[in-house]
*Asks:* 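The structure is given below, and queries will be raised subsequently.
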Amino acid sequence: MSETTESAAARGPRPSLRERNKARTRDAIRSAAMRLFQDQGYVATTVAQIADAAEVSHTTFFRYFQSKEQVVLSDDLDDARNDILHAIEPGLDRFDLLRRIITDLYNVGHDNEWASNPARFRLIQTEPALVTAQQADADRMLVQMRGVIADYLGVKADDLRLRVFIAASAGVLFHVVGNTGDGEIPTLEECLEALDLLEAGLPV
């Protein structure tokens, strides 16, 4: 197999024409939205303005995004995240399991141009409506992750120790590392160091 063929195989099958057209439309809506947010502010920008700038109908906008908030927050990585959560080898303890999940999720986001867009991240961190919406999305993701972690560790999803562990870890990652308000994307090293401190019982 040639190097070119190997590279193509590693990337997987090429998306269909329909999928490529949908991706281009999503990108056009996001690009138009970000230009408007920069020019006139997030609050002042309407869905109608975004649709007009992206040259799509109001109806088309809502086929791709449920709201203005989701234009920014959604990243099309749900399938990749789900694959990560179900592909971890057995035998890890709870903290090593969480380190693996954080590392793999971070790398998937870092390798995605939209998910790792600094302007997008600053907007999510500094726009109050997006901070609130992101927290709601994060809470929903935690519910899913709790079930996966419970299955992995062989405990019930409503186990108190598990719920405390996940809540404490999420609090550190979302509010200390990932939501500092300075608009800077945290490094993976910062995330893992924060988790190390939590595991060690916050020694002084």
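One is the number of the first residue; the rest follow in order along the sequence. The figures that follow rest on heavy atoms only: side chains count, while hydrogens, waters and symmetry mates do not.
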*Asks:* Sequence neighbours excluded, which residues qualify as side chain to side chain donor-acceptor pair (under 3.5 Å) partners of R99?
*Replies:* D96, D196, E199
*Asks:* Verify side-chain contact (heavy atoms from CB on, under 4.5 Å) between I149 and I166, making sure each step is shown before the conclusion.
*Replies:* CA-CA 9 Å; I149 293 176; I166 292 178; 4.2 Å; yes
*Asks:* Can you sort out the partners of D75 under side chain to side chain donor-acceptor pair (under 3.5 Å), two or more places apart, ordered by chain and number?
*Replies:*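 D75 satisfies side chain to side chain donor-acceptor pair (under 3.5 Å) with R81 once adjacent residues are dropped.
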*Asks:* Could you grab the distance from atom OG1 of T103 to atom CD of E189, nearest 0.5 Å is fine?
*Replies:*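 T103 atom OG1 to E189 atom CD measures 9.0 Å (nearest 0.5 Å).
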*Asks:* Could you note down all residue pairs passing ring pair (Phe, Tyr, Trp, His ring centres under 6.0 Å) where residues 128-153 supplies at least one of them, sequence neighbours left out?
*Replies:*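 Sorted pair list comes back empty.
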*Asks:* Taking salt bridge (charged side-chain N to carboxylate O under 4.0 Å, His left out) as the cut-off, I'd like each qualifying pair that reaches into residues 123-145, sequence neighbours left out, listed once.
*Replies:* D137-R140
*Asks:* According to salt bridge (charged side-chain N to carboxylate O under 4.0 Å, His left out), does anything in residues 40-67 pair up with another residue at least two apart or in another chain? List the pairs.
*Replies:* none
*Asks:* Identify which one of L130, V71, V72 satisfies the side chain to side chain contact (heavy atoms under 4.5 Å, CB included) criterion when paired with R120.
*Replies:*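 The single option meeting the side chain to side chain contact (heavy atoms under 4.5 Å, CB included) with R120 is V72.
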*Asks:* Distance from N82 atom CG to L77 atom CG, nearest 0.5 Å?
*Replies:*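 Rounded to the nearest 0.5 Å, the CG-CG separation comes to 12.0 Å.
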*Asks:* For H58, which residues count as a ring-ring contact (aromatic ring centres under 6.0 Å, His included) partner, sequence neighbours excluded?
*Replies:* F62
*Asks:* Does anything in residues 25-35 form a side chain to side chain donor-acceptor pair (under 3.5 Å)? List the pairs, not counting sequence neighbours.
*Replies:* R26-D76, R30-S74, R30-D76
*Asks:* Could you tell me the separation between the CG atom of N107 and the CD1 atom of I102, rounded to the nearest 0.5 Å?
*Replies:*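 Reported to 0.5 Å precision, the distance equals 11.5 Å.
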*Asks:* Enumerate the residue pairs fulfilling salt bridge (charged side-chain N to carboxylate O under 4.0 Å, His left out) with a member in residues 100-109, sequence neighbours excluded, ordered by first and then second residue.
*Replies:* E89-R100
*Asks:* Please lay out, stage by stage, how Y64 and V56 fare under the test side-chain contact (heavy atoms from CB on, under 4.5 Å).
*Replies:* CA-CA 11 Å; Y64 285 85; V56 300; over 6 Å; no
*Asks:* Search all heavy atoms of P128 against all heavy atoms of T126 and return the closest pair with its distance.
*Replies:*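 Answer, listing the atom of P128 first, then T126: CD-O, 3.4 Å.
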*Asks:* First locate atom NE2 of H86, then atom CD1 of I84, and finally report the distance between them rounded to the nearest 0.5 Å.
*Replies:*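 Going from the NE2 atom of H86 to the CD1 atom of I84 covers 12.0 Å.
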*Asks:* Can you check side-chain contact (heavy atoms from CB on, under 4.5 Å) on L198 and E193, steps first, answer last?
*Replies:* CA-CA 9 Å; L198 184 63; E193 182 180 358; over 6 Å; no
*Asks:* Would you call M141 and L105 a side-chain contact if the rule is heavy atoms closer than 4.5 Å?
*Replies:* yes
*Asks:* With side chain to side chain donor-acceptor pair (under 3.5 Å) as the rule and sequence neighbours excluded, what pairs involving residues 158-174 come up?
*Replies:* none
*Asks:* Anything under 3.5 Å between a donor and an acceptor, one on a side chain of residues 37-44, the other on a protein residue two or more places apart or in another chain? List them.
*Replies:*
| unit_1 | atom_1 | unit_2 | atom_2 | d |
| --- | --- | --- | --- | --- |
| Q40 | NE2 | T45 | OG1 | 3.2 |
| Q40 | NE2 | Q49 | OE1 | 2.7 |

*Asks:* Can you sort out the partners of S67 under side chain to side chain donor-acceptor pair (under 3.5 Å), two or more places apart, ordered by chain and number?
*Replies:* E69
*Asks:* Starting at CG of L153, measure out to CG of L162 and round the result to the nearest 0.5 Å.
*Replies:* 6.5 Å
*Asks:* May I ask you to test the V131-I124 pair for a side-chain heavy-atom distance under 4.5 Å?
*Replies:* no
*Asks:* Answer yes or no: is there a donor N or O on one side and an acceptor on the other, between the side chain of Q135 and the main chain of T132, under 3.5 Å?
*Replies:*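 Such a contact is absent between Q135 side chain and T132 backbone.
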*Asks:* Taking all non-hydrogen atoms of both residues into account, name the closest pair between G109 and A115 and its distance.
*Replies:*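 Between these two residues, the closest heavy atoms are O-CB, 3.6 Å.
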*Asks:* R18: what forms a side chain to side chain donor-acceptor pair (under 3.5 Å) with it, not counting sequence neighbours?
*Replies:*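 If we apply the side chain to side chain donor-acceptor pair (under 3.5 Å) test to R18, skipping adjacent residues, there are no hits.
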*Asks:* Let's go through W114 and M34 carefully: what are the C-alpha distance in whole Å and the side-chain angles of both, what is the deciding distance for side-chain contact (heavy atoms from CB on, under 4.5 Å) to 0.1 Å, and is it a yes or a no?
*Replies:* CA-CA 11 Å; W114 171 248; M34 293 300 287; 3.9 Å; yes
*Asks:* Might you point out which heavy atoms bring S57 and A51 nearest each other, and give the distance in Å?
*Replies:* O-CB, 4.0 Å
*Asks:* So F61 and F65, would you call those rings parallel, tilted or perpendicular, with 30° and 60° as cut-offs?
*Replies:*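 Tilted.
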